[in-house]
Number of protein chains: 2
Amino acid sequence: MDNKKIEKISRALSDANRIAILQQFKKKKDCLYCAEVNDLLDLTQPSVSHHLKQLVDAELLLPQKEGRNLKYVLNQQVLDEYIACLTELKD
Amino acid sequence: MDNKKIEKISRALSDANRIAILQQFKKKKDCLYCAEVNDLLDLTQPSVSHHLKQLVDAELLLPQKEGRNLKYVLNQQVLDEYIACLTELKD
DNA sequence: CTTATACATCGAAATATTTGAATATTTAAA
DNA sequence: TTTAAATATTCAAATATTTCGATGTATAAG
């Protein structure tokens, strides 16, 4: 993972709303629907869409269309790689 | 570690210059001097000072004065706690 | 085919971040 | 005690991010 990617993922994680989205996966084990995120956050739909886009662009979330709905799953591999880079900082 | 802290650390990590500073510890194993960071980055002294402040405010770096000089050490404990929070996201 | 639902995009305002010139502060050296 | 060196602070400009209203697009339902 290069520094540009580390920077992008870090930026995606640097917002309270986006952290809340990711933590919601702990409660809804496998996946989260876009509509559920709209209910979770105290923001308008375009703002939620913006935050989800940051997480998808960082590849922390993988989107899957289901008709009119959008389902997200956590990208554990990218998260693992990011954690590995941080672990390397510790020598 | 609460979400505010996760947010602050993530933001501190979301900049190419600050990532470069942290990675420099891999080469200079124990500590880094402020002057070394000024040499490392292609920025003016006030800008470097700003970036170091972000890292210190996030407690990723611990500053130690040495006369006129300033020495930084990596705060491995905070880094470990941050990594632990990210690991928890994976269920 | 028309309408409703789910989500995305655009545009603009508000806010935050990054940067550097100028200057201040602290401490060591002369 | 004057001067020089290392770092911090202030201020303003440039840029980026966040937010939301308005609107667009895709798909399902009637």
Side-chain angles (χ1 to χ4, degrees), chain A residues 3-25 28 30-75, chain B residues 3-25 28 30-75:
Chain A
N3 283 6
K4 270 288 167 222
K5 186 76 186 179
I6 296 175
E7 187 182 337
K8 189 156 201 171
I9 292 174
S10 300
R11 190 168 297 278
L13 293 171
S14 71
D15 177 276
N17 294 301
R18 296 192 293 263
I19 291 169
I21 293 171
L22 293 176
Q23 287 174 338
Q24 194 64 8
F25 280 91
K28 304 283 301 177
D30 45 346
C31 69
L32 251 192
Y33 282 87
C34 186
E36 292 181 293
V37 181
N38 275 296
D39 291 343
L40 175 69
L41 302 180
D42 193 21
L43 289 173
T44 60
Q45 179 268 322
S47 295
V48 172
S49 188
H50 162 75
H51 288 299
L52 285 168
K53 188 175 184 336
Q54 308 307 306
L55 292 170
V56 170
D57 286 353
E59 295 181 285
L60 285 166
L61 294 187
L62 299 170
Q64 292 174 226
K65 280 201 84 169
E66 278 191 357
R68 284 186 295 196
N69 302 324
L70 196 38
K71 182 166 87 173
Y72 294 99
V73 296
L74 200 58
N75 190 343
Chain B
N3 282 8
K4 271 286 167 223
K5 185 76 186 180
I6 296 174
E7 187 182 337
K8 188 155 201 171
I9 293 175
S10 299
R11 189 168 298 277
L13 292 171
S14 71
D15 177 275
N17 293 300
R18 296 193 291 263
I19 292 169
I21 293 170
L22 293 176
Q23 287 174 338
Q24 194 65 7
F25 279 93
K28 305 283 301 177
D30 44 348
C31 68
L32 251 192
Y33 283 86
C34 184
E36 293 180 292
V37 181
N38 276 295
D39 292 342
L40 175 69
L41 303 180
D42 194 22
L43 290 173
T44 60
Q45 179 269 321
S47 295
V48 172
S49 187
H50 162 76
H51 288 301
L52 284 169
K53 188 175 183 339
Q54 307 308 306
L55 292 169
V56 170
D57 286 353
E59 295 182 285
L60 285 167
L61 293 187
L62 299 170
Q64 293 175 227
K65 281 202 85 168
E66 279 191 357
R68 283 187 297 197
N69 302 324
L70 196 37
K71 185 166 85 172
Y72 294 98
V73 297
L74 200 59
N75 190 344

Roughly, in whole Å, what's the span from CD in A:Gln64 to C1' in C:dA6? 17 Å

All N/O contacts under 3.5 Å from nucleotides 12-18 of chain C to the protein, with atom names and distances to one decimal?
residue, atom, partner, partner atom, Å
C:dT18, OP1, B:Arg18, NH2, 3.1
C:dT18, OP2, B:Arg18, NH1, 3.4
C:dT18, OP2, B:His50, NE2, 3.3

Integer-rounded Å distance: C:dT5 P and A:Glu36 CD: 19 Å

Between A:Asn69 and A:Lys53, which has a closest nucleotide on DNA chain C that is more 5'? A:Asn69

Give, for atom SG of A:Cys34 and atom CG of A:Asp39, the distance between the pair rounded to the nearest 0.5 Å. 10.0 Å

Which residues pass the side chain to side chain contact (heavy atoms under 4.5 Å, CB included) test with B:Lys65, not counting sequence neighbours? B:Leu70

Set of residues satisfying side chain to side chain donor-acceptor pair (under 3.5 Å) with respect to A:Asp57, sequence neighbours excluded: A:Lys53

Atom pair distance, as rounded to whole Å: CD in A:Glu66 and P in C:dA6: 14 Å

Which nucleotide wins on minimum distance to the side chain of A:Arg68, given the candidates C:dA4, C:dA8, D:dA6? C:dA4

Phosphate OP1/OP2 of C:dC7 contacted by A:Ser49 side-chain N/O (<4.0 Å): no

Apply side chain to side chain contact (heavy atoms under 4.5 Å, CB included) to B:Leu32 and list each qualifying residue two or more places apart in sequence or on a separate chain. B:Ile21, B:Gln24, B:Phe25, B:Lys28, B:Glu36, B:Val37

Heavy-atom check, side chain of B:Lys4 versus side chain of B:Lys8, under 4.5 Å: no

Going by the rule side chain to side chain donor-acceptor pair (under 3.5 Å), which residues pair with A:Asn3 if we only count those two or more places apart in sequence or in a different chain? B:Gln23

Length of the line joining A:Leu70:CG and C:dT5:C1', which is rounded to integer Å: 14 Å

Rounded distance in Å - CG (A:Leu52) to C1' (C:dT9): 15 Å

Residues which pass side chain to side chain donor-acceptor pair (under 3.5 Å) with B:Lys71, listed by chain and number, not counting sequence neighbours: B:Glu66

For residues 12-19 of chain B, tabulate all N or O donor-acceptor pairs below 3.5 Å that involve a side-chain atom, not counting sequence neighbours.
residue, atom, partner, partner atom, Å
B:Ser14, OG, B:Arg11, O, 2.7
B:Asp15, OD1, B:Asn17, N, 2.8
B:Asp15, OD1, B:Arg18, N, 3.1
B:Arg18, NE, B:Ala12, O, 2.8
B:Arg18, NH1, B:His51, ND1, 3.0
B:Arg18, NH2, B:Arg11, O, 3.1

Residues two or more places apart in sequence or in another chain: which of them pass side chain to side chain donor-acceptor pair (under 3.5 Å) with B:Ser49? none

Among residues 38-47 of chain A, which ones have heavy-atom contacts with DNA chain D below 4.0 Å? A:Leu43, A:Thr44, A:Pro46, A:Ser47

